[in-house]
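Below is one structure; the comments refer to it alone.
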Amino acid sequence: MAEAPGSGRRSLYKATSSPSWKEAFRQGCLERMRNSRDRLLNRYRQAGGGVPGSAQSTLLVHEVMEEEWSALRSVEGRPEASAQLEEPLDLAVLEEIQQELADQERSIIGEYEKSLQFDERCLSIILAEWEANPLICPVCTKSNLRVANGVVTCPCGLYLSNQFPELTEQKLRACIEDSVNAHSAHCPHTPEFSVTQATGERPTLLMSCLACDTWTAIL
């Protein structure tokens with residue numbers, strides 16, 4: 001017979017006092033949290049990047065504990081464990097596990113934020129180099145682009161023939177910077193550039209981002 005809604009958390013307060021059982025529950029919860037990294041970060045992004053400040057405001061802790069508890073109760077072939085689950089568990093033990101999960105959750109979010117900050121610094125460096133130096137090829141990020149009579153070339157092999165002879169290095173730089181800035185307004189990851197060509201069409205400079213699954217034709 002299924003448990004009544006909301007009874008999962010209350011049932012967490014019944015368990016064995018065996019140290020081995022408590023450790024198994026703790027390790028199961030921690031492993032489940034590690035495996036739920038993507039789910040946690042999706043909720044974090046949906047929440048607007050708010051960092052949980054306490055156990056009460058965590059994003060996934062209670063859910064992980066209840067999932068692990070349900071998994072333990074569904075284990076077959078352990079009648080001795082089923083009997084032990086009805087014995088009282090010290091509330092302090094449950095709170096200790098909850099705090100460990102909250103710390104792990106904050107650690108995962110902290111690592112994610114550091115990766116975002118690194119991407120933002122890389123993007124700032126790239127934009128600064130573009131503004132201070134000759135236009136660097138966004139595809140190879142090493143050689144300078146050359147723009148003449150509407151044709152864009154790079155020693156790396158990039159070749160773009162444009163319909164507009166009035167295209168200049170300054171105008172191309174502005175197109176690239178505008179596209180990068182528009183992307184960074186909704187995604188913190190650094191986009192990549194490539195040249196693509198459909199059958200019968202001119203080559204196109206394309207900006208894409210795997211993180212947000214978007215692409216933009218630059219030229």
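This chain uses plain numbering: 1 for the first residue, then up along the sequence.
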Would you call [X] and [Y] a side-chain contact if the rule is heavy atoms closer than 4.5 Å?
X      : Y      : answer
Glu192 : Cys209 : no
Ser194 : Met207 : no
Arg146 : Leu135 : no
Asp103 : Gln99  : yes
Glu100 : Gln104 : no
Pro191 : Ser208 : no
Thr196 : Leu205 : no

Verify same cluster id: [X], [Y] (apolar side-chain graph, 4.5 Å):
X      : Y      : answer
Ile176 : Leu206 : no
Trp215 : Ile218 : no
Leu116 : Leu59  : yes

### Query
Using 4.0 Å as the upper bound for N to carboxylate O, is an ion pair formed by Glu166 and Lys171?
no
### Query
Is there a donor in the side chain of Tyr44 and an acceptor in the side chain of Glu113, or the other way round, less than 3.5 Å apart?
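Yes, Glu113 and Tyr44 have a side-chain donor paired with an acceptor closer than 3.5 Å.
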### Message
Looking only at the side chains, is there a donor atom on one of Gln27 and Glu23 sitting less than 3.5 Å from an acceptor on the other?
### Response
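Yes, because at least one side-chain N or O of Gln27 sits under 3.5 Å from a partner of the opposite role on Glu23.
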### Task
Take Ile136 and Leu145 through the side chain to side chain contact (heavy atoms under 4.5 Å, CB included) test and state the conclusion after the steps.
CA-CA 6 Å; Ile136 302 296; Leu145 286 180; over 6 Å; no
### Message
Please evaluate residues Asn181 and Glu177 with respect to the criterion side-chain hydrogen bond (donor to acceptor under 3.5 Å, both in side chains), reporting the C-alpha separation (whole Å), side-chain torsions for both, the decisive distance (0.1 Å), and the verdict.
### Response
CA-CA 6 Å; Asn181 288 331; Glu177 290 182 353; 5.6 Å; no
Shortest non-hydrogen separation from [X] to [Y] and the atoms involved:
X      : Y     : value
Ile108 : Met33 : CD1-O, 4.1 Å
Phe25  : Trp69 : CE1-N, 3.9 Å
Glu105 : Val61 : OE1-N, 3.7 Å

### Task
Check Glu31, Arg32, Arg39 against Asn35 for a side chain to side chain contact (heavy atoms under 4.5 Å, CB included) and give me the one that passes.
Glu31
### Task
Report yes or no: does Ser115 contribute a side-chain atom to a donor-acceptor pair with the main-chain N or O of Tyr112 at less than 3.5 Å?
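Such a contact is found between Ser115 side chain and Tyr112 backbone.
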